Amino acid sequence: TGYYRVCGINLKSAEAEQLYDVTGGWISALYLFMIEYNAEGSYSPVKNIYTLIEKAVYVPLSDEMKDFVIIMCVFESFTSEQAVYMRGKENTGQLLKELTGKNAFVKYDGKLKTYHMHKIFCDFLQEELNRKDISRRQGIYQKAGHWYLKTGNYIIARHYFYQCGDFDNVLLALEEDRSNSFTNE
């Protein structure tokens, strides 16, 4: 109740107990329920964290933003240049500002100059990506592979090319690498 009180929400003790039973006190789940509470004036207990993420975080995004986060979920972290390359549109920087300004599940690390998606949000998005048409998924992985090929990170490029079944580019990445990534192991 203290966390909610600091955020301007006064819960009844029965609501607080129910929230604790559902979340186990896990701060990310409490935050998701708070988003729902602020938007709707109440919250509904959800058994699956992905259902909660979908309802509180994903559904409110614009179609453009949904497409963007699904593209970027294939990376553990990414740079703004990488995001522009993957999306292929000029207003990507504006989307990144909007995303990090409104969404606690995507953070910018100014020291490393990289964006990081929360693991649970990223896992949810990867499930959404897996529901997409296979050619869409392959296109995203192939473009990611080309990004890493272009930047000289051949091991990761091979990983992405393998993910989309592009074995010609797996071999190209091996050739470009000139066996520098191989050891006796």
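Heavy-atom basis, side chains included; hydrogens, waters and symmetry copies ignored. None of the values given here were measured: they were computed from a predicted structure.
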Between the CG atom in N169 and the OH atom in Y162, the distance rounded to the nearest 0.5 Å is 15.5 Å
Search all heavy atoms of Y141 against all heavy atoms of C164 and return the closest pair with its distance. CB-CB, 3.8 Å
To check you understand the geometry: which heavy-atom pair defines the closest contact between E176 and L149, and what is its length? CG-CD1, 4.1 Å
Go through the structure and list residues passing side chain to side chain donor-acceptor pair (under 3.5 Å) with N153, not counting sequence neighbours. none
Please check if the distance between the ring centroids of Y50 and F121 is under 6.0 Å. no
Partner set under side-chain contact (heavy atoms from CB on, under 4.5 Å) for C73, not counting sequence neighbours: M117, C122, L125, Q126, L129
Please identify each residue that fulfils side chain to side chain donor-acceptor pair (under 3.5 Å) with E128, with sequence neighbours left out. R131
Applying side chain to side chain donor-acceptor pair (under 3.5 Å), can you list everything that pairs with K107, at least two apart in sequence or on another chain? none
H146: ring-ring contact (aromatic ring centres under 6.0 Å, His included) partners, not counting sequence neighbours: F161
Holding to side-chain contact (heavy atoms from CB on, under 4.5 Å), I want the full list of residues that pass it with D133, two or more places apart in sequence or in another chain. S135, R136
When rounded to the nearest 0.5 Å, the distance separating CD1 of I156 from CZ of R158 is 10.5 Å
What pairs with A83 under side-chain contact (heavy atoms from CB on, under 4.5 Å), at least two apart in sequence or on another chain? F68, M72, F78, T92, L96
With a 4.5 Å limit on heavy-atom distance, are the side chains of M86 and I140 in contact? yes
Does S80 reach the side chain of Y115, with side-chain heavy atoms less than 4.5 Å apart? yes
Please identify each residue that fulfils salt bridge (charged side-chain N to carboxylate O under 4.0 Å, His left out) with K132, with sequence neighbours left out. none
Pairing residues for T79 by the side-chain contact (heavy atoms from CB on, under 4.5 Å) criterion, not counting sequence neighbours: E81, Q82, T114, W147
Got a second to check how far T51's OG1 is from Y58's OH, nearest 0.5 Å? 14.0 Å
Residue pairs, two or more places apart or on separate chains, that pass salt bridge (Lys or Arg N to Asp or Glu O under 4.0 Å) and touch residues 137-148: none
Check for me, please, whether I155 and V74 land in the same ILVMFWY cluster - side-chain distances under 4.5 Å, paths through other members count. no
Under the side chain to side chain donor-acceptor pair (under 3.5 Å) test, which residues partner Y154, sequence neighbours left out? none
Find out if a path of hydrophobic residues (ILVMFWY) with successive side-chain heavy-atom gaps under 4.5 Å connects V84 to V106. no
For the residue pair E127 and D123, establish whether any side-chain heavy-atom pair is separated by less than 4.5 Å. no
With E64 via salt bridge (charged side-chain N to carboxylate O under 4.0 Å, His left out) - residues at least two apart: R87
When rounded to the nearest 0.5 angstrom, what is the spacing between OH in Y108 and OG1 in T100? 9.5 Å
